[in-house]
Asker: 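Quick one: the structure is below, and I'll ask about it shortly.
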There are 2 protein chains.
Amino acid sequence: MPRKPKMKNLSPAALDMIAARFRVLSDPSRLALLHALMEGERNVAQLVEHTGLSQANASKHLSQLAEAGFLARRKDGLFTWYGVADPGVFELCDLMCGSIARKLGRDLQEIA
Amino acid sequence: MPRKPKMKNLSPAALDMIAARFRVLSDPSRLALLHALMEGERNVAQLVEHTGLSQANASKHLSQLAEAGFLARRKDGLFTWYGVADPGVFELCDLMCGSIARKLGRDLQEIA
DNA sequence: TGACTATATTCCGACATAGTTATATAGTCA
DNA sequence: TGACTATATAACTATGTCGGAATATAGTCA
């Protein structure tokens, strides 16, 4: 029987999936929408008001976030309410902020 | 004095920084390079061999990863050795994989 | 029913990005 | 020195993405 590999191999398809989800988080407008939803569910008009995005633009970004599974939508009459479906997304952002802090610290060391 | 806000506000510049770093992780070729470096430092030729990327393409992706602070470069004669500068990048990938697993689980529930 | 409202979608132009090919840079060795 | 090697960069093309304007879709209410 073949030797057990030291490290799990990631298939190209898996890499594509992971990359696609990172891409959803790689836009400041979408991050602003996520941030605006930390305190709880909001509808589109509220998010437009809060972020300054256009209605069409906000709607598109919200759809992408929901499609990726970070947000959940709930329709109530004319309104669509968006809320966080996977709180793990905030852990991701926190980790990224920590990574940025470490990098800035290292950059500072280089200069000093 | 002004009331202390419930939640820290993120400046547009901060959102841009975070988004830019997520963008670096949003490409399967770069994820493959990162994955190939989990076991330790490698030079460009080794990474080209391991990933199947072209030399020019690999070099560009490696530069981006180093620029973002995820990788460190070390030159030794003709060779350039790349290694992980911030292991936090693997935590980010692990978290993202967990998030994918949760989403797939939820999608499964919907069908069942 | 028809006017109105909230949200989603389509179309389009501007710009960014990934990959290839060719070339530049710089270190090694005869 | 000159031939060779490893890596980086430039130029180009094809494709992807963002945002705006206009329009479509549905739900509400008179």
Side-chain angles (χ1 to χ4, degrees), chain A residues 10 12-37 41-83 85, chain B residues 12-13 15-37 41-83 85:
Chain A
L10 286 174
L15 292 174
D16 282 347
M17 267 189 102
I18 304 170
R21 279 171 78 81
F22 274 127
R23 169 144 291 156
V24 175
L25 299 184
S26 74
D27 180 274
S29 298
R30 286 192 288 275
L31 293 179
L33 288 165
L34 279 171
H35 188 251
L37 290 169
E41 217 181 25
R42 288 185 172 182
N43 64 40
V44 178
Q46 291 171 332
L47 290 165
V48 163
E49 157 74 16
H50 191 272
T51 59
L53 298 173
S54 74
Q55 182 270 318
N57 201 16
S59 177
K60 277 187 290 188
H61 284 307
L62 289 165
S63 290
Q64 289 181 70
L65 287 163
E67 175 77 18
F70 293 125
L71 297 185
R73 15 156 86 97
R74 180 174 67 81
K75 304 208 75 164
D76 178 38
L78 276 175
F79 297 84
T80 306
W81 295 83
Y82 283 92
Chain B
L15 292 174
D16 283 347
M17 266 188 102
I18 304 170
R21 277 171 81 78
F22 274 126
R23 169 146 288 152
V24 175
L25 298 184
S26 75
D27 179 274
S29 298
R30 286 192 288 275
L31 293 179
L33 288 165
L34 279 171
H35 188 251
L37 289 167
E41 216 182 24
R42 287 186 173 182
N43 64 40
V44 178
Q46 291 172 332
L47 291 165
V48 163
E49 157 73 16
H50 191 272
T51 59
L53 298 173
S54 74
Q55 182 271 317
N57 200 16
S59 178
K60 274 190 293 188
H61 284 308
L62 289 166
S63 291
Q64 289 180 70
L65 287 163
E67 174 78 17
F70 293 125
L71 297 186
R73 15 155 86 95
R74 180 175 68 80
K75 304 209 71 163
D76 178 39
L78 276 176
F79 298 83
T80 306
W81 296 83
Y82 284 91

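Model, not experiment: these values are computed from the prediction. Here is how names work: the chains are called A, B, and so on, in the same order as the sequence lines, proteins then strands, and each is numbered from 1.
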Asker: If you take all heavy atoms of A:Gln64 and A:Val24, which pair is closest and at what distance?
Answerer: O-CG1, 4.2 Å
Asker: Send over the distance from A:Phe79 CZ to C:dC4 P, rounded to a whole Å.
Answerer: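 So the two atoms are 17 Å apart, to the nearest Å.
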Asker: Taking atom CG of A:Leu37 and atom CG of A:Leu65, what is their separation to the nearest 0.5 Å?
Answerer: 8.5 Å
Asker: Want to know the stems of DNA chain D: at least 3 consecutive Watson-Crick or G-U pairs with distances under 3.5 Å, which are they?
Answerer: C:1-30 with D:1-30
Asker: Encode nucleotides 24-30 of chain D as B, S and - characters from 5' to 3', where the letter depends on protein heavy atoms closer than 4.0 Å: B to the base, S only to sugar-phosphate, - to neither.
Answerer: --BBS--
Asker: Which pair of heavy atoms, one from A:Arg23 and one from A:Arg30, lies closest together, and at what distance?
Answerer: O-NH2, 3.3 Å
Asker: Kindly state which residues belonging to residues 56-65 of chain B come within less than 4.0 angstrom of DNA chain D, counting heavy atoms of the residue only, listed by number.
Answerer: B:Ala56, B:Ser59, B:Lys60
Asker: Would you say that A:Leu25 contacts B:Leu25 through its side chain, given a criterion of any heavy-atom pair below 4.5 Å between the two side chains?
Answerer: no
Asker: Contacts to DNA chain D from residues 46-53 of chain B, heavy-atom cutoff under 4.0 Å, which residues?
Answerer: none
Asker: Atom NZ of B:Lys75 to atom P of D:dA6: distance rounded to whole Å?
Answerer: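 One finds 13 Å between P of D:dA6 and NZ of B:Lys75, rounded.
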Asker: Could you tell me whether the side chain of B:Gln55 has a donor or acceptor atom within less than 3.5 Å of a complementary atom in the base of D:dA8?
Answerer: yes
Asker: Could you tell me how far apart B:Leu25 (CG) and C:dT17 (P) are, to the nearest whole angstrom?
Answerer: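 Checked: the CG to P distance equals 14 Å.
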Asker: List the atom pairs, donor and acceptor, that lie under 3.5 Å between side-chain atoms in residues 43-50 of chain B and the rest of the protein, sequence neighbours left out.
Answerer:
unit_1: B:Asn43; atom_1: OD1; unit_2: B:Ala45; atom_2: N; d: 3.2
unit_1: B:Asn43; atom_1: OD1; unit_2: B:Gln46; atom_2: N; d: 2.9
unit_1: B:Gln46; atom_1: OE1; unit_2: B:Asn43; atom_2: N; d: 3.0

Asker: Is there a side-chain contact between A:Leu62 and A:Thr80, using heavy atoms and a 4.5 Å cut-off?
Answerer: no
Asker: Taking OP1 and OP2 of C:dT7, is either one under 4.0 Å from a side-chain nitrogen or oxygen of A:Arg73?
Answerer: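 For C:dT7, neither OP1 nor OP2 has a side-chain N or O of A:Arg73 closer than 4.0 Å.
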Asker: Would you find a donor on one side and an acceptor on the other, under 3.5 Å apart, between the side chain of A:Ser59 and the backbone of A:Gln55?
Answerer: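 Answer holds: no.
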Asker: Once rounded to the nearest 0.5 Å, what's the spacing between atom OG of A:Ser26 and atom CD1 of B:Ile18?
Answerer: 12.5 Å
Asker: Side chain of A:Ser29 only, heavy atoms from C-beta on: which candidate in D:dT7, D:dG19, D:dG20 is closest?
Answerer: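 Of the candidates, D:dG19 comes closest.
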Asker: What distance separates A:Thr51 OG1 from A:His61 NE2, expressed to the nearest 0.5 Å?
Answerer: 9.0 Å
Asker: Between A:Asn43 and A:Arg23, who's closer to the 5' end of DNA chain C by nearest nucleotide?
Answerer: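 Upstream on the strand: A:Asn43.
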Asker: Donor-acceptor check, side chain of A:Arg21 to backbone of A:Ala68, threshold 3.5 angstrom: yes or no?
Answerer: yes
Asker: Please determine if a side-chain N or O atom of A:Thr80 lies less than 4.0 Å away from the OP1 or OP2 oxygen of C:dT7.
Answerer: no
Asker: Please report the shortest heavy-atom distance between B:Leu15 and A:Ala32, naming the atom on each side.
Answerer: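 Minimum heavy-atom contact is CD1-CB, 3.8 Å.
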Asker: Measuring to OP1 and OP2 of D:dG20, would you say a side-chain N or O of A:Ser54 lies under 4.0 angstrom away?
Answerer: yes
Asker: Specify the separation, in whole Å, of atom CG of B:Asp16 and atom C1' of D:dC18.
Answerer: 13 Å
Asker: Find the distance B:Arg74:CZ to D:dA6:P and express it as a whole number of Å.
Answerer: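 So the two atoms are 17 Å apart, to the nearest Å.
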Asker: Please give me the minimum heavy-atom distance between B:Ala85 and B:Gly69, naming the atom from each residue.
Answerer: CB-O, 3.6 Å
Asker: Testing the basics here: between B:Ala58 and B:Leu33, what is the closest heavy-atom pair and its distance to 0.1 Å?
Answerer: O-CD1, 4.2 Å
Asker: Can you tell me how far P of D:dC18 sits from CG of B:Leu15, to the nearest Å?
Answerer: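 Nearest whole value for this atom pair: 15 Å.
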Asker: Measure CG/B:Leu33 against P/C:dA18 and give the value in whole Å, please.
Answerer: 12 Å
Asker: Please report, rounded to the nearest Å, how far the P atom of C:dA6 is from the OH atom of A:Tyr82.
Answerer: 15 Å
Asker: Can you list the residues that meet the side chain to side chain contact (heavy atoms under 4.5 Å, CB included) rule with B:Arg74, with sequence neighbours excluded?
Answerer: B:Glu41, B:Asp76, B:Trp81
